[in-house]
Amino acid sequence: MSTEDRPPAPRSLAEALRGRDDVSLGALLRSRPDLITPVPTDLTQLATRAGTRASVVRALERLDRFALQTAEALAVAADPAAYGELLGLMAGDDADPAVVAALPHALGVLREQALVWGGDDRLRLVRTARELLAPSPQHPSPTGLGPTVQEATAGMSPGRIQEIVTAAGLPSTHDSVSAMTSLTELFTDRRRMAALLAGAPADSLDVLERLVWGPPYGQVTADPAARLRWLLDRGLLLPTAPGTVVLPREVALHLRRGLAHRTPEPVPPAVEAAAVHRPQVVDSTAAGQAYTALATVEDLLKDWDEGGPAVLRAGGLSVRDLKRTAVALDVPEPVAAFWVELAYAAGLIAPDGEADERYAATPGYDEWLELPAAERWSRLVTAWLPATRTPGLVGGRDAKDRTLSALGPGLDRSAAPEVRHRVLALLAGLPEGAAPAAESVLARLRWERPLRGAAGAPRERTRAGGSEDDLRSRLAEWALSEAELLGVTGRGALSAHGRALLGAPAAPAKSPEAESSGPAESSGPGEPSGPGDKLPVHHRPAPLVPLSPLSPTEQAVASATAARLLTPLLPEPLDHVLLQADLTAVAPGPLRRPLADMLGVLADVESKGGATVYRFTPGSVRRALDAGQSASDLHAFLAAHSRTPVPQPLTYLIDDVARRHGHLRVGAASAYVRCDDDAVLNEILADKRAAGLGLRRLAPTVLAAQTDPAGLLEGLRAMGFAPAAESAEGDVLITRAHAHRTPPRTAPEPVPDGPPVPDDTLLAAALRAIRAGDLASTTPRKPGTAPEVNGELPRTGSAETLATVQAAVLTGEALWIGYVNAEGAASQRVIAPIRVEGGFVTAYDHTADEVRTYPLHRITGVAELADDAG
């Protein structure tokens with residue numbers, strides 16, 4: 001293309017955006033969705049919004065390290081800068097090949113994000129980004145560079161400037177501007193600068209070495225030492241304030257051999273494998289942990305079945321209740337907080353909303369229990385993936401020094417879902433069965449989002465009391481541990497069902513040749529080979545996963561696939577136990593629900609693991625009898641569900657407790673005890689432990705008490721008796737646990753990290769609206785008929801508006817109108833009126849590319865277009 005045929009260079013960001021096609025504009029709006037919330041009226045407003053501080057900060061936070069380094073280099077380059085100057089700042093005098101190869105892509109990312117505009121000969125960083133990244137005494141540049149010679153000498157006396165020029169070996173000039181120009185040329189000339197520094201004292205060069213990589217500022221006394229005086233005389237150090245000097249940018253770049261950054265990082269660090277396991281071992285380990293996860297959540301909800309802990313006034317669980325829950329689940333407190341938060345995120349628990357508010361299971365919990373085990377697991381992990389609540393913060397303190405409690409406010413971190421997905425995606429990029437080194441995962445995440453967590457994260461104090469700002473790294477560490485707890489990973493490696501959960505296709509089966517092959521190098525897709533990547537060849541790289549989280553529909557399909565892969569790995573529920581002579585029962589695996597529920601009433605859980613051990617005690621047997629079971633029912637139940645004969649000691653225990661159960665009857669007087677055997681009542685009265693019950697005999701078979709029936713029942717049971725409660729009619733009361741449920745509740749919605757990414761439909765509509773508004777705002781108007789302020793709606797009286805529109809119907813000319821819709825939103829449009837009747841104008845709307853009808857009273861004004869308007 002010749003110079004004459006080349007399109008003119010854009011003069012502003014708006015013009016640069018106007019030159020983009022819909023694909024490029026769509027990519028910008030997807031990467032920066034805050035720009036269409038709400039939809040801009042035209043491209044000028046879009047460019048203005050893209051340059052606001054909040055939007056630019058959000059865009060900078062989403063850059064990877066090399067793209068951010070490129071933006072930082074542009075902030076210290078000339079404005080505008082040529083591509084060659086930028087390449088010199090990034091690659092240095094040695095022209096690092098990796099930097100040379102990666103720079104075009106990084107610059108393309110900045111252009112796509114509308115942080116840089118202009119051709120390669122006139123690259124411009126948007127003004128707000130330059131203000132954020134350029135060096136200043138208050139905000140040092142990440143490059144470690146200081147101000148230029150021109151900036152550092154602003155305000156310096158002309159005489160002092162001439163002294164510096166002369167000392168540097170340059171001819172004096174007639175003005176300060178030309179003097180600073182010649183000094184700048186000296187400092188940017190490699191050969192001449194080398195000659196100047198060759199004559200410097202060694203001590204002076206040591207001073208420069210200490211300042212070269214930043215910070216570039218230093219302190220001096222009123223009478224500087226000789227090594228400093230030599231540098232000050234030649235402008236190699238320049239005073240910025242009394243007692244403060246700075247190393248000029250040009251001098252630092254010469255000493256750095258042109259590099260803006262000490263260590264450019266064009267290539268992301270590889271995620272290294274710390275260990276490699278057989279995929280079958282990984283899947284079985286993960287499946288075992290998935291089963292444990294289901295059992296733990298069920299135990300939690302069973303513990304809260306009749307009503308859980310009270311809700312604190314500020315919301316959440318008290319420290320005491322969290323400790324009690326951790327003891328009940330036999331896990332550490334941080335892990336208990338994770339299970340509680342997971343159940344809440346899945347909609348299984350919620351506050352009951354009553355006056356004395358408590359946490360309780362929701363109706364959704366009962367529905368969840370009826371699902372197959374793999375689908376219950378899928379429901380849990382599907383709630384975990386997008387959750388923004390962060391259990392790892394529990395026990396720390398917020399910015400106001402308030403303790404963060406489980407289920408309480410202040411735990412949402414909008415970056416959590418993105419970090420969680422990215423961590424799992426990095427695991428999926430490793431070969432099958434490879435467990436990553438945690439530090440390599442954190443290093444990769446720090447490269448991908450160097451500003452997230454470091455600059456924008458709220459400060460919290462951890463359990464240890466320290467303050468940490470790198471929230472993104474902590475989120476990644478928690479994601480790794482939580483994935484292991486849930487069975488998404490096994491032994492640190494991503495399982496097959498965990499891979500399916502991310503939407504990755506199934507990995508290919510191993511071939512016989514691969515089984516017999518020797519070791520070979522293999523690295524994940526898109527990952528450079530590195531230490532820890534030497535793996536057996538049959539550990540093949542897994543297929544790539546989507547870079548962004550799946551849509552709800554895609555996630556539902558992926559979760560169903562994951563559940564299908566997990567199903568054959570979970571143990572089948574059993575319908576039997578093994579009764580032992582020591583009054584225990586061993587369940588060699590998970591039990592079917594009716595058997596597990598009944599056994600949970602009849603016996604106490606003694607230990608868990610691969611097999612669960614239940615112990616029968618007088619108290620547990622009495623609990624079953626209180627629930628309405630008879631001795632014969634219990635004998636029949638045990639005989640039907642035991643693979644071993646019912647031991648004689650267990651039979652005797654049940655018969656002995658049943659024989660004494662209900663012999664005493666307790667009812668409400670305040671309370672009374674009655675028994676057909678007056679000798680038993682005499683025994684009770686003689687027992688010193690009965691003194692607190694306030695008993696007295698009313699009849700040979702009846703004792704009255706001064707306590708309530710519940711207290712009397714408890715007191716007599718503590719004395720070794722087995723009383724039964726009775727109703728006012730004299731019938732035995734059957735005591736069953738009553739499940740407490742909240743009203744229907746929905747799971748908490750994750751807190752989004754800014755506006756959501758627009759879908760294709762919204763994006764297409766937004767692009768049409770922006771293009772239409774831009775067409776209306778840029779169409780030439782006749783002089784004197786349009787507002788002088790760009791973007792302001794035309795204003796004409798109703799009579800003039802009607803007359804102009806009617807004339808346009810006769811001539812067929814197009815008009816520029818201002819229009820306010822029923823919601824009060826104003827817009828500009830270009831229309832070709834077809835007819836006017838009944839207070840409405842029907843016209844072909846060029847901006848919408850269709851025929852529309854507009855009420856005349858909503859048109860703010862009209863203006864005629866210029867004769868040469870396209």
Using a 3.5 Å cut-off and no angle test, enumerate the donor-acceptor pairs between side-chain atoms of residues 800-808 and protein atoms at least two apart in sequence or in another chain.
residue : atom : partner : partner atom : Å
T801    : OG1  : T796    : OG1          : 2.6
T801    : OG1  : G797    : O            : 2.9
T804    : OG1  : E800    : O            : 2.8

For salt bridge (Lys or Arg N to Asp or Glu O under 4.0 Å), just list the numbers for R771 and D22, CA-CA rounded to whole Å, side-chain angles, deciding distance to a tenth of an Å, and then say yes or no.
CA-CA 9 Å; R771 293 287 193 196; D22 283 354; 3.0 Å; yes
Taking it one step at a time, do Y854 and Y819 satisfy ring-ring contact (aromatic ring centres under 6.0 Å, His included)?
CA-CA 9 Å; Y854 298 105; Y819 181 73; 4.9 Å; yes
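Judged by distance alone, the side chains of T553 and S551 never bring a donor and an acceptor atom under 3.5 Å apart.
For R127, the CZ atom sits in a loose shell: 12 or fewer heavy atoms of surrounding residues, nucleotides or ligands are nearer than 6.0 Å.
Proximity of a side-chain donor or acceptor of R11 to a complementary backbone N or O of E15 within less than 3.5 Å is not detected. Side-chain atoms of T153 never come within 3.5 Å of backbone atoms of M156 as a donor-acceptor pair (strictly under, hydrogens ignored). With hydrogens and angles disregarded, a donor-acceptor distance shorter than 3.5 Å links the side chain of T70 to the backbone of F66. Judged by distance alone, the side chain of R130 and the main-chain N or O of A75 form a donor-acceptor pair under 3.5 Å.
Of the charged side-chain nitrogens involved, at least one lies within less than 4.0 Å of a carboxylate oxygen, so that R30 and D760 count as a salt-bridged pair. A salt bridge does not link D34 to R49: none of the charged nitrogens lies less than 4.0 Å from a carboxylate oxygen. The pair D79-R124 meets the salt-bridge criterion, with a side-chain N (NZ, NE, NH1 or NH2) lying under 4.0 Å from an Asp/Glu carboxylate O.
Residues R852 and Y844 form no side-chain contact, since every pair of their non-hydrogen atoms from C-beta on lies 4.5 Å or further apart.
Once rounded to the nearest 0.5 Å, the distance linking CE of M180 with CD1 of I164 reads 6.0 Å. Between the CG atom of L107 and the CG atom of L123 there is a distance of 5.5 Å, given to the nearest 0.5 Å.
Listed by chain and number, the residues in a side chain to side chain donor-acceptor pair (under 3.5 Å) with T853 are T842 (sequence neighbours excluded).
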